[in-house]
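Model, not experiment: these values are computed from the prediction.
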Amino acid sequence: MSHPVRVRPRAAAVLVLASAAGLAAFFWPLFVPAQPEAIARTAEAPLIFVVLLPVLVGVMVAELTGGGLDTKAVAMLGVLSAVNAALRPLGAGTAGIETVFFLLVLAGRVFGPGFGFLLGSTSLFASALLTAGVGPWLPFQMLAASWVGLGAGLLPRRVTGRAEIALLAGYAAISAYAYGFCMNMWFWPFSPAADTQLSYLPGAPLLDNLHRFALFTATTSALGWDTGRAVTNAAAVAVLGTAVLTALRRASRRAAFEAPATFTDRS
């Protein structure tokens with residue numbers, strides 16, 4: 001069973017480069033000493049936007065020119081981004097509850113990794129505009145959400161039925177922790193704090209800072225916010241997954257993505 005929206009070689013190359021650049025943007029303080037600041041990454045965030053937006057445009061152009069996306073797929077991307085933007089305020093992150101990721105996981109599963117990557121960024125961007133959540137954290141949220149959608153599209157395709165729902169629920173929970181892990185790394189090295197076992201140590205060995213970061217994540221978010229997000233994601237997929245997957249696949253079949261347009265002369 002193939003994805004209705006396939007990733008072409010050019011788009012795949014752009015996705016690989018974008019992911020590599022994103023990983024560097026998140027984790028460079030582990031390799032290059034960074035000094036804590038009062039406001040995390042305020043100068044770096046505009047640069048990430050400057051890099052991220054051309055990447056999204058590049059993926060879109062590569063997909064459109066290569067035939068991976070057509071106008072119907074772009075319209076579907078817009079509709080799902082709007083739905084996700086409307087869903088996000090329902091949870092608003094209270095106790096880690098997030099209502100935006102389960103649809104992202106299911107759409108990435110149905111429409112493929114390239115579509116999932118784009119949907120992650122556009123959903124978070126649209127929801128930030130809707131909830132006045134624009135800030136230096138936004139480009140990092142967009143990247144992390146894009147990886148969630150990308151990963152969902154890369155899951156094994158042969159799994160179906162209840163096993164598929166179990167797979168997606170498990171992935172939704174794991175990706176919730178991965179998202180929290182990345183977003184903690186966004187601000188942890190720049191947090192002005194006393195020198196404790198949880199603090200970033202500029203210039204310290206990689207394993208030492210990773211150990212400190214693991215303790216910081218487990219103490220401050222993994223047992224609370226990230227677990228709330230994981231439970232919300234997994235429960236939403238388990239309860240609504242079958243119905244939403246059916247609806248998305250029916251919409252995909254009716255849209256007939258990549259089907260060549262034919263015209264008949266009735267004169």
Side-chain angles (χ1 to χ4, degrees), residues 7 11-12 14-29 39-63 69 74 76-89 91-93 96 98-108 111-154 172 175-188 190 221 225-226 229 233:
V7 178
V14 174
L15 288 176
V16 171
L17 292 176
S19 295
L23 288 172
F26 273 105
F27 296 102
W28 68 263
I39 302 178
R41 300 197 177 193
T42 53
E44 186 181 354
L47 177 61
I48 300 301
F49 256 128
V50 169
V51 174
L52 179 60
L53 292 181
V55 165
L56 296 177
V57 173
V59 173
M60 186 73 75
V61 170
E63 288 286 80
L69 284 177
V74 173
M76 180 67 72
L77 178 66
V79 169
L80 292 178
S81 298
V83 171
N84 256 347
L87 285 175
R88 195 178 187 196
E98 290 280 6
T99 51
V100 68
F101 290 102
F102 91 94
L103 182 58
L104 174 59
V105 168
L106 298 175
F111 297 109
F115 189 96
F117 184 92
L118 290 170
L119 181 61
S121 286
T122 55
S123 294
L124 268 291
F125 184 75
S127 66
L129 296 179
L130 185 63
T131 60
V134 177
W137 53 84
L138 179 56
F140 298 93
Q141 289 179 330
M142 291 169 62
L143 274 170
S146 291
W147 288 331
V148 173
L150 176 70
L154 294 174
S175 63
Y177 286 105
Y179 178 87
F181 182 89
C182 289
M183 291 311 300
N184 282 346
M185 181 55 72
W186 165 72
F187 71 88
W188 173 69
F190 303 91
S221 67
W225 293 89
D226 295 343
R229 185 185 299 114
N233 287 354

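From W225, atom CH2 reaches atom OH of Y179 across 12.0 Å, with rounding to the nearest 0.5 Å. The CH2 atom of W147 lies 12.0 Å from the CG atom of L15; values are rounded to the nearest 0.5 Å. Atom CH2 in W188 sits 10.0 Å away from atom CG in N184 (nearest 0.5 Å). Between the SG atom in C182 and the CG atom in L143 there is a gap of 9.0 Å [rounded to 0.5 Å]. Between F115 atom CZ and L80 atom CG the span is 5.0 Å, to the nearest 0.5 Å.
In terms of modelled atom types and a separation under 3.5 Å, the side chain of S146 and the main chain of S121 share a donor-acceptor contact. Here the side chain of S19 pairs no donor or acceptor atom with the backbone of V16 at under 3.5 angstrom. Looking at S175, its side chain does come within 3.5 Å of a backbone N or O of A172 through a donor-acceptor pair.
Listed here is the closest heavy atom pair of L104 and A145: CD2-O, 3.3 Å. Scanning all heavy atoms of the two residues, the minimum distance from F26 to M185 falls at O-CG, 3.0 Å. When every heavy atom of N233 is checked against every heavy atom of A176, the shortest pair comes out as ND2-CB, 3.6 Å. Closest approach of W137 to M183, counting heavy atoms only: O-CE, 4.1 Å. The two residues L119 and S81 have their closest heavy-atom pair at CD1-OG, 3.5 Å. Looking at every heavy atom in both residues, Q141 comes nearest to L124 through O-CG, 4.0 Å.
In this structure, Y177 has no ring pair (Phe, Tyr, Trp, His ring centres under 6.0 Å) partners at least two apart in sequence or on a different chain.
Here the side chains of F111 and L118 are not in contact, with every heavy-atom distance at 4.5 Å or above. Counting only heavy atoms from C-beta outward, the side chains of T122 and F125 never approach each other to under 4.5 Å. When side chains are defined from C-beta on, P29 counts as touching F190, because their heavy atoms get closer than 4.5 Å.
Ring planes of W186 and F140: tilted class, angle from 30 to 60°.
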